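Worth saying up front: this structure is predicted, and the values here are computed from it rather than measured. To find a chain, count down the sequence lines: A is the first, B the second, and so on, and within it residues start at 1.
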Amino acid sequence: MTESVQPSLLSGFDLSTPLPGIPNMASELPVARVVIDSAVPHLDRPFDYLVPTELDAMAQPGVRVKVRFGGQELAGFLTERLEHSEPGLKLQPLRSVISPEIVLSAPVLAVARAVAERYAGGVWDVLRSAVPARMARMETQKATDSDGALEKGSVEAVDDVPLARPAPVPEDALLAEYHGGADYARLLRNGESPRAVLSAVPNRPGDWPALLLQAAEQALASGRGVLIVVPDARDLARLTSTLDERLGPEAYARLTAEDGATPRYRNFLRVARGQSQLVVGTRNAAFAPVKDLGLVIIWDDADNSHAEPRAPYHHAREVLLLRCGIENAGMLLVAPGRSAEAQRLVRSGWAHELGADRSLLRANAPRVIAASDEFEAERDPLLHAARLPAAAWREAKAALAHGPVLVQVARTGFMPALRCERCRTPARCTTCNGPLALGDARGAPACGWCGLVAHDWNCVECGFMRLRASSIGADRTAEELGRAFPNIKVVAATGAKPLHTVPDTPALVVATPGAEPVAANGYAAVLLLDGDRMLSREGLRTGEEVLNRWMGAAHLARGRDATAERPGGGTVVVAGDPTEPMRALVRFDAAAYAQTELDERRDLGLPPAVRLAMVRGPAAAADKFMDALDLGGEVRRHGPVLEGEGEHRWLLFFSYAEGPAVTAALRAMRATFSAAKEPIVAIRIDPDGIL
DNA sequence: AGCACGCCGACT
DNA sequence: GTCGGCGTGCTC
């Protein structure tokens, strides 16, 4: 706030012989350790400053500060107050404390550091995700100000609520339906921190939001905080509507970028001030400064919305894993399917599997039909155009008498790579050599790897300028289906045009994976049309991804048996050639499939049975970087692979045990190269979709 | 990205 | 002897 700098202070002070007191500086703990806002790798460490007397009171660990660094003024977080610094340093004074609000708690800083270590990235990059942008007005605003509804839950309102209410033992009936679920609930209530993985049985009362809430309530009953992370706005809306109904909107704080900077910071402040013990949100909420954290829950960790698209590309599941280690909290991974990573946690004994009886699953899961060999589809031009097998058409037709029908189609990103219309040479990106695909609704071809839009593409082989566009997106499928089902309402929901819910009336709902709207009483039928297309994509994890997307959609279907609200029961039709993922869907057993996949990866030495790092950069720099790395003999190196314009890509495979040493070595080497002004190499840890 | 410091050449 | 060229490396 107050500008503290006086000319005489700018020269700095030598604190090697500390005290007795420096004029105008705090007499107790005069040194402030600060994490500065710098993207430069070799500056990714704390720096010490002196605290001027007038900033003494506000300069608490966790506040935002401004400091002079080199020539410039930088933002930073004050992390510690110390009696003295390293000998021989000339300390500058702190320029200002931006606000007295403690926005970076000690545990969250520790988590951010662990995340930066794990991903060989900068602490500041992690903090950028962890602490939302400051909105100054939110810090001073009173509960009586303006828009009333939004202001509930501010300091005054919460202080009025008596905290010591007789706490009833929370419900755990839904959790107890799983083997070990009742024990898991009891441990949480008793203040312990159990860890579990659970594949949800569909069509139970309240569905997964009710299940997550029950788990949360166990930990809340022990007086501890709870954090729930979901992939996207749709799932958050579903969860918060359950929380609103059962606990009321004051009982939790929601943290998501989608709300906009101001509400997000308002809710963040409630959490930071300890006014909210239950936090729900999307991936960055994994860093929410929940006090006395007892349990972290992640819903659908296989959804790649959980992966941060900016450096250091951390995944919410991994953030939470590190976090529950640091804060000694329990963890619960709940999903409609099973990621190989979650299965690994079960297999290694780190987490318990809370399994369900086959009978419970059979009674609640939809009927699954594999429509594998379909000659009829070829004969009927309407069905062929909509690439609808006859069995799917029949099921949909019957189901439409009872309710809405979901049609899952592949995202355009899943389409086979585009080719030259004349010579059929695959179209590749001119900069990174990645496959081109139709990126947006207007059909501009874009690179599937780097996203670069190829405006003036021409074939490298024959020079032809037109691409073969075989892609059919959700919108076109919707049109085709409209013709195949006259008089039925058709709606399309894609990532670009999201739709969270649909009414419980007959309609065809065409959606891409992850964007499926929720039907109030479930879908009468779910058609999974593009399995072959999705499975044809190159990639180590394609089968697992496709199965998890199918399971996600299948969870939106009614149970097989008809009920009063759900006449006709629910059916899932999966079209395509018989494959392992399809068989796993028919058995409704994603865990077994994930285990098979994991075993196979272990035999092959591939992720996630092992960890992976990628180093990419200008050929000479990348090679030099790899050459300078000193890694243990157990680390497998693979490369260089030529990529794009004179770029080399290297891969490193290493065990989880070696992980910390490898990422530390990569981080240290990057700092060395950065200081030596070597060309920048990109480092990605456990990247998805490159194998 | 700025800014100090340093080693060397040109000029008072 | 002193001023200032910009090249190298550090920044609390």
Enumerate all atom pairs, one protein N or O and one N or O from nucleotides 8-11 of chain C, separated by less than 3.5 Å.
from, atom 1, to, atom 2, distance (Å)
C/dT11, O4, A/His42, NE2, 3.3

Partners meeting salt bridge (charged side-chain N to carboxylate O under 4.0 Å, His left out) with A/Arg611 (sequence neighbours left out): A/Asp686
Salt bridge (charged side-chain N to carboxylate O under 4.0 Å, His left out) partners of A/Asp125, counting only residues at least two apart: A/Arg128
Start and end of chain A contact along DNA chain B [non-hydrogen atoms, under 4.0 Å]: B/dA1 to B/dC3
Ring pair (Phe, Tyr, Trp, His ring centres under 6.0 Å) against A/Tyr313, all qualifying residues, sequence neighbours excluded: none
Ring pair (Phe, Tyr, Trp, His ring centres under 6.0 Å) partners for A/Trp650, two or more places apart: none
List the atom pairs, with distances to 0.1 Å, where a side-chain N or O of residues 29-37 of chain A and a protein N or O form a donor-acceptor pair under 3.5 Å, not counting sequence neighbours.
from, atom 1, to, atom 2, distance (Å)
A/Arg33, NE, A/Asp48, OD1, 2.8
A/Arg33, NH2, A/Asp48, OD2, 3.1
A/Asp37, OD1, A/Trp124, NE1, 2.9

Qualifying residues under side chain to side chain contact (heavy atoms under 4.5 Å, CB included), relative to A/Lys624, sequence neighbours excluded: A/Phe673, A/Glu678
Residues forming a salt bridge (charged side-chain N to carboxylate O under 4.0 Å, His left out) with A/Asp232, sequence neighbours excluded: none
